[in-house]
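Written out below as structure tokens is the structure these notes cover.
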2 protein chains.
Amino acid sequence: MSSAPNHDAPPRIDRRAQRRLDTIEEIIDIAEALMTEEGVNGLTLSEVARRLGVKPPSLYKYFDSLLDIYDAVFRRGQQANLEIMRAAMAAAAPGLPALTAGLEASCRWSLAHPAITQLMFWRPVPSFEPRPESMAPSSEMVNLQRQALTDAVSLGQLGPGADTDEALFFLSILISGLLGQAMANDPDEPWGRGRFTPLFPLLFNAFTKLYPPSA
Amino acid sequence: MSSAPNHDAPPRIDRRAQRRLDTIEEIIDIAEALMTEEGVNGLTLSEVARRLGVKPPSLYKYFDSLLDIYDAVFRRGQQANLEIMRAAMAAAAPGLPALTAGLEASCRWSLAHPAITQLMFWRPVPSFEPRPESMAPSSEMVNLQRQALTDAVSLGQLGPGADTDEALFFLSILISGLLGQAMANDPDEPWGRGRFTPLFPLLFNAFTKLYPPSA
DNA sequence: GTCTATAGCCTGATAGAC
DNA sequence: GTCTATCAGGCTATAGAC
């Protein structure tokens, strides 16, 4: 109170820094919407600027290039997907229940964010390579899945083969196949409707029969 | 010899018509190469003209628009893929052997033509909608697969559930998942190498265990 | 942080001469 | 069927004033 210029505690982030972060988030929101509407390759600086209500050169105060915006969309998407999956897994019993709950939550999120999902799974922008730190959440997702498979084997829910790279790759084929077919062929159907997403339980049926518990 | 202007039998297609068809094929070849190098969205009239050795306006003598070229690539790809699969199925025993042989041949072809495969499976060019007649081979491929599944059930190679739409959709998830993961993550590996295509037999292992023969 | 102005590209498509 | 010329627009990015 003595020397402080105001009565509030000093904010850890001042107003203008916060406003800057808000603008960055808004740019990423606009970029994602644009990719959803016009295709992943339909992202342009000019249109982002138009929707944000500024002129294109102003965007360079927030991002160094168009590819930098792609990277920001990619990174935020990876982070969000990881947190969704982690939360769903933590709320379920260890092993197979955690795995199915986590992957279903991740699939729901992916289907609701098709542009980011395409950017992450199918690399439709050849000139875009995500930065290593933007890829980090992806490794963490793999780790969570591997741990769940290990738990499932330990708990006797799955056979020993389920705790291998082969099983992990097979799982990724199942999930990305489901998402790809749903997004390409039933783009307007929400999760649980259409021809593909209702088959989600069937995927785990197949997976379990491929690696049945020994007992 | 009396009134004929030359000694050869009259060709069913004259030279200039044949040359025109050759040019059209060459344009499609160039378009596919370009999409492979620069991404499916990297196809431009200007670059096609450059590689063909003409100026862009000349292309309009062969195609009405850029989207027309996309459609030609799409149609020729569908046709080729269908014929590859049909031939492989015909060379194998009916039922499950025909199905696996046909799908493996199709997958090999798809992996060797990633740009067309992306165009067919994942629709990365939102403004491009294939013409109905270009989609026809796709329906025929589905028919071939459905027939093979029916035969497999009749022959006792698979259980009754394998002859359903659900099984067909599940099969498409497996195949498109394998291709998508292989193309995105092991783009330079040929069929049979890398982390995903060696799992092809595993897919049918899972499929068979999901729909086991009753006996 | 915003703008204007501009450089230096690219694109699809058409008109009309030859 | 080829070309030149052109339209009408798009884009990323930078320089520099305010």
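Values reported hereafter were calculated over all heavy atoms of this structure, with side chains retained and with hydrogens, waters and symmetry mates removed. Letters A, B, ... are given to chains in the order of the sequence lines, protein chains preceding strands, and every chain is numbered from 1.
Taking only side-chain nitrogens and oxygens, A:R50 comes nearer than 4.0 Å to OP1 or OP2 of D:dC11. At D:dG1, none of the side-chain N or O atoms of B:S58 fall inside 4.0 Å of OP1 or OP2 (strictly under the cut-off). Within the 4.0 Å cut-off from OP1 or OP2 of D:dT12, not a single side-chain nitrogen or oxygen of A:Y70 is found.
As rounded to whole Å, 15 Å separates atom P of D:dA13 from atom NZ of A:K61. We find that CD of A:E38 is positioned 13 Å from P of D:dG10, with the value rounded to whole Å. Put simply, CG on A:D68 is 13 Å from C1' on D:dT12, counting in whole angstrom units. Per the geometry, CD1 belonging to A:I69 stands 11 Å off C1' belonging to D:dT12, to the nearest Å. In this structure, A:L59 atom CG and D:dT14 atom P are separated by 13 Å, rounded to whole Å. With rounding to whole Å, A:N41 atom CG is found 14 Å from D:dC11 atom P. Taking atom CG on B:L52 and atom P on D:dT2, their separation rounds to 8 Å, with Å as the unit.
Annotation: side chain to side chain donor-acceptor pair (under 3.5 Å) contacts involving residues 114-129 of chain B, sequence neighbours excluded, are absent. Residue pairs meeting the salt bridge (charged side-chain N to carboxylate O under 4.0 Å, His left out) criterion with at least one partner in residues 161-181 of chain B, sequence neighbours excluded, are B:R146-B:D165. Applying the ring-ring contact (aromatic ring centres under 6.0 Å, His included) rule to pairs touching residues 51-78 of chain A yields A:Y70-A:F128, A:F74-A:F128, sequence neighbours excluded. Identified under the side chain to side chain donor-acceptor pair (under 3.5 Å) test for residues 43-54 of chain A, with sequence neighbours left out: A:E37-A:R51, A:E47-A:R50, A:E47-A:R51.
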**Request:** Using a 4.0 Å cut-off on protein heavy atoms (strictly under), produce a 5'-to-3' string for nucleotides 13-18 of chain C with B for base contact, S for backbone-only sugar-phosphate contact, and - for none.
**Result:** BB----

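Legend: residues meeting ring pair (Phe, Tyr, Trp, His ring centres under 6.0 Å) with A:F170, ordered by chain and number and at least two apart, are absent. Applying the salt bridge (Lys or Arg N to Asp or Glu O under 4.0 Å) criterion to A:E140, with sequence neighbours excluded, gives A:R86. A:F121 pairs by the ring pair (Phe, Tyr, Trp, His ring centres under 6.0 Å) definition with nothing, not counting sequence neighbours.
If you check every strand for non-hydrogen atoms under 4.0 Å, A:S46 touches a base. B:F63 comes within 4.0 angstrom of no nucleic acid atom, judged by non-hydrogen atoms across all strands.
Against DNA chain D, the stretch residues 19-35 of chain B makes heavy-atom approaches under 4.0 Å through B:R20.
Using a 4.5 Å cut-off on side-chain heavy atoms (C-beta onward), A:L144 and A:M89 make contact.
For A:F204 and A:F200, the distance between ring centers is under 6.0 angstrom.
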